[in-house]
Amino acid sequence: MTDKDPYTARETARLLAIGARIARREARGRSTAALEAEADRIERHAFQREMQRAEQADREKAQKASRRVTDRRIRAEEKERARQARVREQAAKRFRK
């Protein structure tokens with residue numbers, strides 16, 4: 001297990017404990033289906049949580065990109081309005097002369 005695994009510390013501990021119990025039961029020739037199902041459930045839960053986190057991160061990234069585009073458009077519009085105001089001001093100066 002590494003820090004890149006999707007499991008929390010508690011899930012990791014539970015998976016290790018279940019693994020040990022499975023090994024003991026297999027050595028005794030007993031069924032391990034219930035323990036394996038529990039391990040699978042823990043894994044599915046962890047991967048589902050990580051998928052939700054990844055989707056949320058993607059949504060936040062898209063929102064941030066959208067804000068950047070909007071901010072650029074607003075700055076461009078402000079720049080254009082300032083340019084038009086300068087042009088009007090210069091035209092008014094020429095007209096007054």
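Both backbone and side-chain heavy atoms feed into the values below; hydrogens, waters and symmetry mates do not. Keep in mind the model is a prediction, meaning the values are calculated, not measured.
For the pair Arg14 (side chain) and Glu38 (backbone), a donor-acceptor distance under 3.5 Å is absent.
Under the 4.5 Å side-chain heavy-atom criterion for grouping Ile, Leu, Val, Met, Phe, Trp and Tyr, Phe47 is connected to Ile18 within one hydrophobic cluster.
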Could you pull out every donor-acceptor pair under 3.5 Å between side chains of residues 26-37 and any protein atom, sequence neighbours left out?
| from | atom 1 | to | atom 2 | distance (Å) |
| --- | --- | --- | --- | --- |
| Ser31 | OG | Ala33 | N | 3.4 |
| Thr32 | OG1 | Glu36 | OE2 | 3.0 |

Name every donor-acceptor pair, under 3.5 Å, that has one atom in a side chain of residues 54-62 and the other anywhere in the protein, sequence neighbours excluded.
| from | atom 1 | to | atom 2 | distance (Å) |
| --- | --- | --- | --- | --- |
| Gln56 | OE1 | Arg59 | NE | 3.4 |
| Gln56 | OE1 | Arg59 | NH2 | 2.7 |
| Gln56 | NE2 | Glu60 | OE2 | 3.0 |

Acceptor/donor pairs from residues 64-77 side chains to any protein atom, 3.5 angstrom cut, sequence neighbours excluded:
| from | atom 1 | to | atom 2 | distance (Å) |
| --- | --- | --- | --- | --- |
| Thr70 | OG1 | Ser66 | O | 2.9 |

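Enclosure of atom CZ in Arg41 by more than 12 non-hydrogen atoms of other residues, nucleotides or ligands within 6.0 angstrom is indicated.
Note that CZ of Arg83 and CD of Glu78 are 15.0 Å apart. Values are rounded to the nearest 0.5 Å. Note that the CD atom of Gln84 and the CD atom of Glu89 stand 14.0 Å from one another [nearest 0.5 Å].
Contact between Pro6 and Arg49 at its shortest, heavy atoms only, is O-NH2, 2.7 Å.
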